[in-house]
Amino acid sequence: MGRTWDAGRRARGLAALALLAFLGGAAVLALPYRSSLATVRSYEAASQTRGIPAVVKELENYSNGRGGHYWVEVTGPPSVSGRIGLDDSGPVLSRLHKGDRIGVVVWHGHRTDITFRGHVQQTTDSPTKYPALYLGSGLTLLGGGVLALYCADRLRRGTHESDESSVFDDLPLTGRMIVGACVVTVVAGLVTVDAHESDPLDFVGTWILFALIGLAVWAVRRRIRKWWLD
């Protein structure tokens, strides 16, 4: 009786956690994601080919394979002077030298792009990475809510082992797929942030690919196990 009551208490706790995750994910998708997406559309609709003239004072274009330092320090009007961070060497930083004259695009008070001889490169102040970040966060929260609800249902149905941690260990295929979808969402979110993408279909595509791979692995393991037992 005590063990059953304890399992029910944990199930209710997981259900409450699932509700909070659902509400949090929905809030992120409804507010910051939609707002950041509108900001990006406004930014992309503005002209980014003309910039305020500035002169390169210092620059850093270094990568060690695991990361790097990318920035350019410019002198010019107060609105553009100072160090400008970049995500990579890009089409502009890779061509720059000290003393070069470049253009710095200022949008809503942020230095969002640098230009040089017809080439344009976004800076770390560009708003394009935020939609993917919020989208990935919202979908991850929703996925976590699904996992918590799934585990709560397993506890409620009494399919867990006597060890209270077993509900998270040795998950059936359905549970593993949910966990995998959450992991894929996190990884896809990080990748799309760097790629300046924010399309939900990118996440759906990665889910489908993971599901196909997961099902193929499960089918092969089941066939091997059946062959071994026979």
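Side chains included, hydrogens not; waters and symmetry mates left out as well; all remaining heavy atoms used.
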Pair Val179-Leu147, side chain to side chain contact (heavy atoms under 4.5 Å, CB included): steps then yes or no: CA-CA 7 Å; Val179 173; Leu147 177 62; 3.8 Å; yes
What's the verdict on side chain to side chain contact (heavy atoms under 4.5 Å, CB included) for Val92 and Leu96, showing C-alpha distance, side-chain angles and the deciding distance? CA-CA 6 Å; Val92 174; Leu96 292 182; 3.9 Å; yes
Applying side chain to side chain contact (heavy atoms under 4.5 Å, CB included) to Ile102 and Val56, what does each step give before you reach the verdict? CA-CA 7 Å; Ile102 66 173; Val56 176; 3.9 Å; yes
If you apply the rule side chain to side chain contact (heavy atoms under 4.5 Å, CB included), what do you find for Ile84 with Tyr70, and how did you get there? CA-CA 9 Å; Ile84 301 173; Tyr70 309 101; over 6 Å; no
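A pairwise comparison of heavy atoms in Gly24 and Leu141 identifies C-CD1, 3.7 Å as the closest pair. Closest non-hydrogen pair, Ala152 versus Ala15, comes out as CB-N, 3.9 Å. In this structure, Ala18 and Gly145 approach most closely via the heavy-atom pair CB-O, 3.3 Å. The two residues Pro32 and Ala27 come nearest to each other via the heavy atoms CD-O, 3.4 Å. In terms of heavy-atom proximity, Pro131 sits nearest to Val40 at CG-CG2, 3.4 Å. When every heavy atom of Val28 is checked against every heavy atom of Ser137, the shortest pair comes out as CG1-CB, 4.5 Å.
Listed by chain and number, the residues in a salt bridge (Lys or Arg N to Asp or Glu O under 4.0 Å) with Lys57 amount to none (sequence neighbours excluded). In this structure, Glu73 has no side-chain hydrogen bond (donor to acceptor under 3.5 Å, both in side chains) partners at least two apart in sequence or on a different chain. Every residue two or more places apart in sequence or in another chain that forms a side-chain hydrogen bond (donor to acceptor under 3.5 Å, both in side chains) with Thr185 is listed here: Trp207.
Connection of Phe22 to Tyr150 is established within a shared hydrophobic cluster, with ILVMFWY side chains joined at heavy-atom distances below 4.5 Å, either directly or through further cluster members. Criterion: ILVMFWY side-chain heavy atoms under 4.5 Å apart, direct or through other members. Under it, Leu37 and Tyr130 are part of a common hydrophobic cluster. Cluster annotation: Val80 and Tyr43 are assigned to distinct hydrophobic clusters (Ile/Leu/Val/Met/Phe/Trp/Tyr, side-chain heavy-atom contacts under 4.5 Å, transitive). Residues Leu59 and Val105 fall into different hydrophobic clusters, defined by Ile, Leu, Val, Met, Phe, Trp and Tyr side chains chained together at heavy-atom separations under 4.5 Å.
Remark: the backbone N or O of Ser81 is paired with a side-chain donor or acceptor of Arg111 at under 3.5 angstrom. Looking only at distances, no side-chain donor or acceptor of Ser35 sits under 3.5 Å from a matching main-chain atom of Leu31. A donor-acceptor pair under 3.5 Å is absent between the side-chain atoms of Thr112 and the main chain of Val106, judged by distance alone. Remark: side-chain polar atoms of Ser126 are not paired, donor with acceptor, to backbone N or O of Thr123 under 3.5 angstrom. Using a distance-only test at 3.5 Å, with no hydrogens or angles considered, no donor-acceptor pair links the side chain of Ser42 to the main chain of Ala38. In terms of modelled atom types and a separation under 3.5 Å, the side chain of Gln121 and the main chain of Asp88 share a donor-acceptor contact.
There is a side-chain donor-acceptor pair under 3.5 Å between Thr128 and Gln122.
To the nearest 0.5 angstrom, Leu142 atom CG is 9.5 Å from Cys182 atom SG. Once rounded to the nearest 0.5 Å, the distance linking CG of Asp125 with CG of Leu86 reads 10.0 Å. With values rounded to the nearest 0.5 angstrom, Tyr134 atom OH is found 12.5 Å from Lys129 atom NZ. The CD1 atom of Ile208 sits 12.0 Å away from the CD1 atom of Ile213 when rounded to the nearest 0.5 Å. The distance from atom CG of Asp87 to atom CH2 of Trp71, rounded to the nearest 0.5 Å, is 16.0 Å. Distance check: Asp113 CG to His119 NE2 gives 14.5 Å after rounding to the nearest 0.5 Å.
Ring geometry, His69 versus Tyr62: the interplanar angle falls under 30°, so the pair is classed parallel (tilted spans 30 to 60°).
A salt bridge does not link Arg95 to Asp100: none of the charged nitrogens lies less than 4.0 Å from a carboxylate oxygen.
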